[in-house]
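Note that the coordinates shown come from a computational prediction; the quantities given were computed from them, not determined experimentally.
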Amino acid sequence: MSDIPEKELPEFSHFPVMLNEVLEGLVLQPAGFYFGGTAGGAGRSSAIASRLSERGRLIAIDRDSDAVAVASERLSVYGGRAVTVHANYSDMKRVCAELGIEAVDGFLLDLGVSSYQLDNPMRGFSYLADAPLSMKMDESDVSDARSVVNGYSYEELCRILWDWGEEKFARKIASAICREREKKPIETTLELVSVIRSALPDGGKSQKHHFAMRTFQAIRIEVNREIEIIPDALRDAVSLLKPGGRGAVITFHSIEDRAVKEAFADMAVGCVCPKSLPVCVCGRIPVIRQISRKPILPSATELGENTRSHSAKLRVVEKCFPATESFIK
């Protein structure tokens with residue numbers, strides 16, 4: 001027996017936001033095949049796996065190796081009904097192909113940052129604790145927040161701060177970053193916080209939320225390519241769905257939700273021919289139908305119990321009959 005102790009699993013507390021709404025939206029089939037990304041603390045994954053029969057299967061995926069370790073441990077009680085994979089949810093087609101799965105009965109995508117990532121200061125996601133500038137969801141990735149902050153041009157910094165952070169002081173903050181890094185590289189989270197404070201009127205005291213929140217969000221999104229992968233990932237997910245299968249997506253800020261809304265709206269559209277034409281010549285038919293036009297929001301009870309659910313939105317879609325892949329990659 002080896003004297004080397006096993007690596008201790010991280011404290012990965014997880015409160016599955018809108019669990020009941022997700023389970024209701026997916027209309028789980030006991031013998032169905034389901035895809036879950038991201039696995040996180042396996043809260044929703046456990047709930048799905050517990051409702052499957054021996055013929056059912058859940059593939060839980062996460063790009064964070066710590067999350068994979070925790071999810072694997074927590075899902076091990078379900079045996080072959082649950083498989084955990086270390087990968088990005090945008091790789092779902094490849095993962096399913098490697099597992100010999102051609103189609104699934106449903107998918108769940110949680111696009112938010114996990115509580116563990118936010119609460120672990122050494123991951124560099126928080127503007128409240130000092131740590132190396134990282135913000136990587138997958139720690140094996142090459143790009144990190146340090147390379148963005150110190151390597152992006154002024155124009156590129158303005159773009160991501162505006163597009164991904166909706167930061168109205170994007171130019172001032174980008175200028176301050178460029179000035180500071182000329183003296184020395186910006187290495188830590190609190191160094192970056194200090195630079196942001198110096199760029200804002202009144203040092204950011206008039207901000208409704210923490211003055212560094214939008215900048216950190218923008219850099220994190222850029223590092224992890226969170227928004228740019230959404231449209232293709234959703235099309236891949238829908239292409240894997242069996243006719244009548246359901247897909248559910250949870251977002252945690254308006255930029256994510258907008259990307260999901262637009263992708264689903266595009267797939268739900270039928271004929272796009274001009275109304276002046278007597279018959280359809282485009283041949284386009286809807287691939288999905290949206291279960292609700294507006295996003296589903298957390299209940300009042302959940303809002304009172306879990307403050308991090310406040311910004312959550314859930315969208316649910318169903319694959320149409322007959323299935324068509326006419327405009328999906």
Test item: Q29 side-chain N/O and V27 main-chain N/O as donor-acceptor pair under 3.5 Å: yes

Minimum heavy-atom distance between N150 and P185, given as atom pair plus value: OD1-CA, 3.3 Å

Sequence neighbours excluded, every pair satisfying salt bridge (Lys or Arg N to Asp or Glu O under 4.0 Å) that has a member inside residues 292-304: none

S254/D257 under side chain to side chain donor-acceptor pair (under 3.5 Å): CA gap, chis, key distance, verdict: CA-CA 5 Å; S254 61; D257 183 62; over 6 Å; no

Pair L111-Y89, side chain to side chain contact (heavy atoms under 4.5 Å, CB included): steps then yes or no: CA-CA 9 Å; L111 306 188; Y89 71 82; 3.4 Å; yes

Residues that E262 engages under side-chain hydrogen bond (donor to acceptor under 3.5 Å, both in side chains), provided they are two or more places apart: none

R63 and D91 ion-paired at < 4.0 Å: no

Residues in side-chain contact (heavy atoms from CB on, under 4.5 Å) contact with S175, at least two apart in sequence or another chain: Y154, R179

4.5 Å side-chain heavy-atom contact, L234 and V249: yes

Interatomic distance, Y78 atom OH to S45 atom OG [nearest 0.5 angstrom]: 10.0 Å

Side-chain donor or acceptor of N88 paired with backbone N/O of S90 under 3.5 Å: yes

Expected list for residues 268-278: side-chain donor-acceptor pairs under 3.5 angstrom, two or more places apart:
none

Side chain to side chain contact (heavy atoms under 4.5 Å, CB included) evaluation trace for T251 with D110: CA-CA 7 Å; T251 61; D110 179 340; over 6 Å; no

Sub-4.5 Å side-chain heavy-atom contact between P201 and F169: yes

Minimum heavy-atom distance A176-A199, with the two atoms named: CB-CB, 3.6 Å

Partner set under salt bridge (charged side-chain N to carboxylate O under 4.0 Å, His left out) for E180, not counting sequence neighbours: K183

F33 backbone acceptor or donor facing D105 side chain under 3.5 Å: yes

N-O pairing of K136 and D64 below 4.0 Å: no

Qualifying residues under side-chain hydrogen bond (donor to acceptor under 3.5 Å, both in side chains), relative to E139, sequence neighbours excluded: none

Rounded distance [0.5 Å steps], OH in Y34 versus CD1 in I48: 8.5 Å

E102 bridged to K242 by N-O distance under 4.0 Å: no

Cluster link L297 to L26, ILVMFWY, side chain under 4.5 Å: no

Check: F252 main-chain N/O paired with S311 side-chain donor or acceptor under 3.5 Å: yes

I173 CD1 to C178 SG distance, which is reported to the nearest 0.5 Å: 12.0 Å

R74 (side chain) donor-acceptor with G41 (main chain) under 3.5 angstrom: yes

Minimum heavy-atom distance L190-Y127, with the two atoms named: CD2-O, 3.7 Å

Q290 side chain to S292 backbone, donor-acceptor under 3.5 Å: no

Worked verdict on F107 versus M92 for side chain to side chain contact (heavy atoms under 4.5 Å, CB included): CA-CA 10 Å; F107 67 82; M92 65 186 80; 5.8 Å; no

Minimal non-hydrogen separation, N224 against D138, with atom names: OD1-N, 4.4 Å

Contacts of T188 that satisfy side-chain hydrogen bond (donor to acceptor under 3.5 Å, both in side chains) - sequence neighbours left out: D130

Criterion side chain to side chain contact (heavy atoms under 4.5 Å, CB included) on F211 and I196, from CA distance to verdict: CA-CA 8 Å; F211 61 85; I196 298 167; 3.9 Å; yes

By salt bridge (charged side-chain N to carboxylate O under 4.0 Å, His left out) - contacts of E187 (at least two apart): R146

T189 (side chain) donor-acceptor with A131 (main chain) under 3.5 angstrom: yes

Under 3.5 Å donor-acceptor, S147 side chain and D144 backbone: yes

side-chain hydrogen bond (donor to acceptor under 3.5 Å, both in side chains) partners of R197, counting only residues at least two apart: none

Atom pair NZ/CG of K93 and D232 - distance to nearest 0.5 Å: 10.0 Å

Heavy-atom closest contact (F35 atom, C96 atom, distance): CD1-SG, 4.0 Å

Donor-acceptor contact present, side-chain T215 to main-chain A212, <3.5 Å: no

Single-linkage hydrophobic cluster, 4.5 Å side-chain cutoff, L99 and L240 together: yes

Presence of salt bridge, E24 and R246, under 4.0 angstrom: no

Gap separating the CD atom of E167 from the CZ atom of F216, nearest 0.5 angstrom: 12.5 Å

Under 3.5 Å, which donor-acceptor pairs do the side chains of residues 51-59 form with other protein atoms, sequence neighbours left out?
residue, atom, partner, partner atom, Å
R51, NH1, A47, O, 2.8
S53, OG, P30, O, 3.2
S53, OG, R55, N, 3.3

Minimum heavy-atom distance R181-V149, with the two atoms named: NH1-O, 2.8 Å

Flag side-chain contact, heavy atom, 4.5 Å: R81 against S50: no

Donor-acceptor under 3.5 Å (H86 side chain, I61 main chain): no

Linked, directly or transitively: I221 and W162 (ILVMFWY side chains, under 4.5 Å): no

Salt bridge (charged side-chain N to carboxylate O under 4.0 Å, His left out) partners for E98, two or more places apart: R94

Donor-acceptor side-chain pairing of E222 and Y152 below 3.5 angstrom: yes

Salt bridge (Lys or Arg N to Asp or Glu O under 4.0 Å) between K313 and E21, worked out: CA-CA 11 Å; K313 293 180 179 180; E21 292 84 350; over 6 Å; no

All pairs passing salt bridge (Lys or Arg N to Asp or Glu O under 4.0 Å) where residues 25-43 contributes a residue, at least two apart: none

Salt bridge (Lys or Arg N to Asp or Glu O under 4.0 Å) between K184 and E191, intermediate numbers included: CA-CA 11 Å; K184 71 176 188 64; E191 285 178 12; 3.4 Å; yes

Spatial distance of atom CG (L161) from atom CD1 (I219) [nearest 0.5 Å]: 6.5 Å

